[in-house]
Amino acid sequence: QVQLVESGGGLVQAGGSLTISCAASRRTCGTYGMGWFRQAPGKEREFVASVNWRGDSTVSADSVTGRFTISIDYAKNTVYLQMDSLKPEDTAVYYCAASRLGSTAEYEYDYSYWGQGTQVTVSS
């Protein structure tokens, strides 16, 4: 059973940076594709970024490309989302997910395991 635990969320001013983490159960990162999604109040959950199991291919949503970076630390079995130049519209609960496909999946139905989420709030 894959377990994912997000951490690192918080309150940050617009223009600032924040890195959130997703600690995965053993061998998850070297087997599954990993992704980040977010859900703002009153909106549907949306794709943010994903990385394949080898860590050599990433995809990100147009709204965050150039500002957010997804990465993996295999030694720690942890996935990170570094968020720079944050905007108030980035405010959301951010979810980590694992996909059996192993690739850079962009759709929720490609992911089998989800974390509980971490809140990121960007003030203007």
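All residue numbers in this chain count up from 1 along the given sequence. What you are looking at is a predicted structure, and each value in this text was computed from that prediction instead of being measured.
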Would you say L101 ends up clustered with V2 if hydrophobic residues are merged whenever their side chains have heavy atoms under 4.5 Å apart, either directly or through other cluster members? no
Here the pair of heavy atoms bringing G117 nearest to E6 is N-OE1, 2.9 Å
Kindly work out whether a path of hydrophobic side-chain contacts (I/L/V/M/F/W/Y, heavy atoms less than 4.5 Å apart) joins W53 to V79. no
Testing the basics here: between G9 and T118, what is the closest heavy-atom pair and its distance to 0.1 Å? N-OG1, 3.1 Å
Quick one, Y80 and I70 - any side-chain contact, counting heavy atoms below 4.5 Å? no
Does a sphere of radius 6.0 Å around CD in E44 hold more than 12 heavy atoms from other residues, nucleotides or ligands, not counting ones at 6.0 Å or beyond? no
Sole candidate of T104, T65, T69 that passes side-chain hydrogen bond (donor to acceptor under 3.5 Å, both in side chains) when paired with S60: T65
Transitive ILVMFWY side-chain link M83 to V64, under 4.5 Å: yes
How far apart are the closest heavy atoms of R26 and N77, and which atoms are they? CA-ND2, 3.3 Å
Taking all atoms of both residues into account, what is the closest heavy-atom pair of Y74 and N52, and its distance? OH-O, 4.2 Å
Tell me whether the NZ or CZ atom of R100 lies within the 45° cone about the ring axis of Y32 and under 6.0 Å from its centre. no
Close side-chain approach of E108 to R45, heavy-atom, < 4.5 Å: yes
Tell me whether Q39 contacts the main-chain N or O of V93 through its side chain, where contact means a donor paired with an acceptor under 3.5 Å. no
Atom CH2 of W36 and atom SG of C96: how far apart are they, to the nearest 0.5 Å? 5.0 Å
What pairs with Y107 under ring pair (Phe, Tyr, Trp, His ring centres under 6.0 Å), at least two apart in sequence or on another chain? Y109
Which atom pair, heavy atoms only, marks the closest approach of S85 to D90? O-OD2, 4.4 Å
Ignoring hydrogens and geometry, is there a side-chain-to-backbone donor-acceptor pair from T91 to E89 under 3.5 Å? no
Donor-acceptor pairs under 3.5 Å, side chain of residues 13-22 to any protein atom, not counting sequence neighbours: which ones?
residue : atom : partner : partner atom : Å
S17     : OG   : D84     : OD1          : 2.8

Correct closest heavy-atom pair for R38 and Y94 would be NH1-OH, 3.0 Å
Residues in ring pair (Phe, Tyr, Trp, His ring centres under 6.0 Å) with F37, at least two apart? F47, Y111, W114
Separation between CG of D110 and OG of S50, rounded to the nearest 0.5 Å: 9.5 Å
Rounded at 0.5 Å granularity, tell me how far OG in S63 sits from NZ in K87. 8.0 Å
L81-Y95 co-clustered via ILVMFWY side chain contacts under 4.5 Å: no
